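Proteins come first, then strands; the chains are lettered A, B, ... in the order of their sequence lines, and each starts at number 1. A quick note: this is a predicted structure, and the numbers were derived from the prediction, not measured.
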Amino acid sequence: SQTIHQWPATLVQPVGSPLSLECTVEGTSNPNLYWYRQAAGRGLQLLFYSVGIGQISSEVPQNLSASRPQDRQFILSSKKLLLSDSGFYLCAWIASGGTETQYFGPGTRLLVL
Amino acid sequence: QKEVEQDPGPLSVPEGAIVSLNCTYSNSAFQYFMWYRQYSRKGPELLMYTYSSGNKEDGRFTAQVDKSSKYISLFIRDSQPSDSATYLCATSHGSGNTGKLIFGQGTTLQVKP
């Protein structure tokens with residue numbers, strides 16, 4: 001069966017510090033991968049998605065970047081965090097060529113102070 | 001106009017009540033419809049998935065899609081306190097290989113014992 005992992009689970013960072021969040025998927029090959037941000041009491045905002053290694057599409061201009069160095073690894077980064085980067089970050093995947101059903105990871109809660 | 005509209009609630013009902021959660025969407029090309037349940041501080045989990053119009057039932061949950069009115073619903077029968085969560089509707093037109101979903105804002109449901 002497929003499993004998706006995210007770490008860290010919780011992170012408190014000062015403004016201006018760098019960020020690296022990691023997402024890995026087990027039990028599948030060549031998945032589509034997605035990064036979302038969810039602000040408190042708000043819906044999901046798609047940040048980036050990837051249909052293959054090294055292929056990154058950005059949905060909104062922002063202070064963040066994403067990379068996919070391996071087939072089942074998706075990384076969200078920032079060089080300098082802003083207060084507005086605080087939120088709940090979720091990684092999701094779907095099987096390549098499969099249905100449109102996305103499966104989510106447990107999320108990373110980021111607080112920028 | 002947002003592509004998917006969902007009343008954020010909160011919605012509070014007594015245990016045993018029938019709950020109706022609803023979303024409207026604007027793009028008639030959407031063909032795939034999902035409902036996700038999200039407990040506090042957790043990632044969303046897929047609850048129901050339907051393709052095109054019609055009903056789908058799974059235990060106490062029924063998903064309904066009316067493409068003529070661009071309206072999707074989730075019904076919960078005999079609601080339980082464990083159903084207290086945020087419910088997110090999502091949709092996709094399914095073309096291409098991006099697998100991108102468009103989410104509603106989410107409705108917060110509280111079932112009181």
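Residues passing the side-chain hydrogen bond (donor to acceptor under 3.5 Å, both in side chains) test with Y36(A), sequence neighbours excluded: Q102(A).
Here the straight-line distance linking atom CG of L101(B) with atom OH of Y34(A) works out to 7.0 Å at 0.5 Å rounding. In this structure, E59(A) CD and T98(B) OG1 are separated by 8.0 Å, a value rounded to the nearest 0.5 Å. Note: Y103(A) OH to E45(B) CD = 12.0 Å, rounded to the nearest 0.5 Å.
Dense packing is recorded around NZ of K67(B), with more than 12 heavy atoms of other residues, nucleotides or ligands lying under 6.0 Å away. For R60(B), the CZ atom is densely surrounded, since the number of other residues' heavy atoms within 6.0 Å is greater than 12.
In this structure, L64(A) is a member of the same hydrophobic cluster as I56(A), with clusters built from ILVMFWY side-chain heavy atoms closer than 4.5 Å. Cluster annotation: W35(A) and I102(B) are assigned to distinct hydrophobic clusters (Ile/Leu/Val/Met/Phe/Trp/Tyr, side-chain heavy-atom contacts under 4.5 Å, transitive). One hydrophobic cluster, built from ILVMFWY side chains closer than 4.5 Å, cannot hold both Y25(B) and F103(B); they sit in different ones. L88(B) and Y39(B) sit in two unconnected hydrophobic clusters of ILVMFWY residues. Membership requires side-chain heavy atoms under 4.5 Å apart, directly or through other members. There is a path of hydrophobic side-chain contacts, each under 4.5 Å, that joins M34(B) to I4(A).
Between L44(A) and Y36(B), every side-chain heavy-atom pair lies at or beyond the 4.5 Å cut-off. Proximity of K100(B) to Y49(A): side-chain heavy atoms (C-beta onward) are separated by under 4.5 Å at one or more points.
Heavy-atom neighbours of chain B within the stretch residues 75-92 of chain A, taken at a separation under 4.5 angstrom, comprise F88(A), L90(A).
No part of Q6(B) comes within reach of chain A, as not one of its non-hydrogen atoms sits under 4.5 angstrom from that chain.
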